[in-house]
Protein chains: 2
Amino acid sequence: MVELESPQLNAVFHALGDVTRRRMLRQLSSSERTVSELAEPFDISLAAASKHIKALEAAGLIRREVRGRTHMCRLNPGPMASAHQWLSTYERFWTSRLDLLEQRLREDDARKQSQTSEGDKE
Amino acid sequence: MVELESPQLNAVFHALGDVTRRRMLRQLSSSERTVSELAEPFDISLAAASKHIKALEAAGLIRREVRGRTHMCRLNPGPMASAHQWLSTYERFWTSRLDLLEQRLREDDARKQSQTSEGDKE
DNA sequence: TTCTAATTCAACCATGTGGTTGAATATAGA
DNA sequence: TCTATATTCAACCACATGGTTGAATTAGAA
């Protein structure tokens with residue numbers, strides 16, 4: 001059910017590649033917040049904060065519920081799970097020394113059967 | 001030991017926010033490759049590929065070993081582990097319904113003690 | 001209705017990004 | 001030594017990004 005297509009991942013990783021936005025997510029992990037509440041800790045204009053929030057929303061990382069004139073934002077964890085899952089593919093590379101040995105063997109293997117049939121998708 | 005400071009995370013997430021670079025990492029997960037080997041599947045110039053590789057290197061996601069005139073690249077998993085770990089902080093938000101209930105309670109809690117002492121760092 | 005608060009929009013700016021091409025560098029091989 | 005290969009560098013371009021300011025929009029509150 002978790003989507004791993006590129007456009008989504010692009011947006012998610014891009015959104016996460018900014019400290020301000022990561023801090024906003026951190027804020028939302030304790031409770032939902034309005035736009036002004038999210039903007040408050042930062043020394044930037046409300047308009048700038050609004051743009052950051054739109055980036056998070058575009059990546060699907062947050063959801064917004066308009067209540068009168070205030071916009072209430074809350075975390076939407078799905079895309080984070082996708083990113084997490086994408087990274088998990090590489091988990092064996094950092095987990096154990098044993099896996100490292102295994103990897104070496106697979107490398108030799110791959111090296112033997114020259115460059116026929118590149119199964120790499122993303 | 002895993003570093004979670006912002007500049008590193010910025011570079012890592014930024015590097016991951018591009019399909020070409022993610023595909024390059026995918027290639028490197030089966031075996032180490034030279035610059036030209038990494039560039040081959042893409043319809044871009046070698047110079048462009050070289051830039052992508054530099055971005056991955058800057059993020060610490062790959063290591064390069066110069067062997068004569070060829071540059072051999074291999075995966076460096078550490079920073080991926082950092083990103084993975086960063087995301088893990090939010091794991092409870094997507095794992096179980098029970099955690100979702102717990103989160104609601106924490107939200108109410110946070111809401112009660114107004115906005116005093118924002119402990120949010122990133 | 002009128003004032004004020006919450007948020008976005010639009011225009012603008014400096015800088016970054018991903019791509020190009022052509023030249024430069026350095027090494028392997030004849 | 002001469003030539004071909006592997007890679008980077010430099011200059012350039014179009015467009016995205018993150019920021020600004022000031023005006024517009026919308027909805028509570030008086």
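Sequence lines set the chain letters: A, B, ... in the order given, protein chains first and strands last, and positions in each chain run from 1.
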- line: DNA chain D nearest-nucleotide lookup for A:Gly17 and A:Gly68: closer to the 5′ end is A:Gly17

message: What is the separation between atom CZ on B:Arg67 and atom C1' on C:dA26, rounded to the nearest whole Å?
response: 18 Å

message: Using the rule side chain to side chain contact (heavy atoms under 4.5 Å, CB included), only one of B:Arg74, B:Gln27, B:Met24 pairs with B:Arg33; which is it?
response: B:Gln27

Any A:Leu16 side-chain heavy atom under 4.5 Å of A:Leu61 side chain: yes

field: For atom CD of A:Glu65 and atom C1' of D:dA27, their distance in whole Å
entry: 16 Å

task: Write down the distance between CZ (B:Phe13) and P (C:dT17), rounded to a whole number of angstrom.
output: 17 Å

- prompt: Nearest to the side chain of B:Thr20 - C:dC9, C:dG19, D:dT20?
  reply: C:dG19

message: Measuring from the side chain of B:Ser45 (C-beta onward, heavy atoms only), which nucleotide among C:dT20, D:dT21, C:dG18 has the closest atom?
response: C:dT20

task: Please state how far atom NE2 in B:His71 lies from atom P in C:dA28, giving the value in whole angstrom units.
output: 11 Å

- prompt: If you check every side-chain atom of A:Ala47, which of C:dA10, C:dT20, D:dG18 has the closest atom?
  reply: C:dA10

Electrostatic pair A:Glu57:A:Arg21 at N-O distance under 4.0 angstrom: no

- request: For A:Arg21, report the nucleic acid contact type (base, sugar-phosphate, nothing); a contact means any heavy atom under 4.0 Å.
  value: sugar-phosphate

- request: Please state how far atom CG in A:Leu16 lies from atom P in D:dT17, giving the value in whole angstrom units.
  value: 14 Å

field: A:Lys51 side chain, from C-beta outward: closest of D:dC9, C:dA6, D:dT20
entry: D:dT20

query: Taking atom P of C:dG18 as reference, at what distance in whole Å does atom CG of B:Asp43 sit?
result: 17 Å

query: Can you check whether A:His14 has a side-chain N or O nearer than 4.0 Å to OP1 or OP2 of D:dT17?
result: yes

- request: Counting heavy atoms from C-beta on, name the nucleotide in D:dG18, D:dG19, C:dG19 closest to the side chain of B:His52.
  value: C:dG19

message: If you assign each of A:Leu46 and B:Ala49 to its closest nucleotide in DNA chain D, which residue comes earlier from the 5' end?
response: B:Ala49

task: Starting from P on C:dG18, measure out to CZ on B:Arg22 and report it in whole angstrom.
output: 12 Å

- prompt: Between the base of D:dT5 and the side chain of B:Arg69, is there any donor-acceptor pair under 3.5 Å?
  reply: yes

- request: Please determine if B:Arg67 and B:Glu65 form a salt bridge, counting it only when a charged side-chain N lies under 4.0 Å from a carboxylate O.
  value: yes

task: Could you walk me through whether B:Thr34 and B:His71 pass side-chain hydrogen bond (donor to acceptor under 3.5 Å, both in side chains), step by step?
output: CA-CA 5 Å; B:Thr34 69; B:His71 297 200; over 6 Å; no

Rounded interatomic separation in angstrom, taking CG from A:Asn10 and P from D:dT17: 11 Å

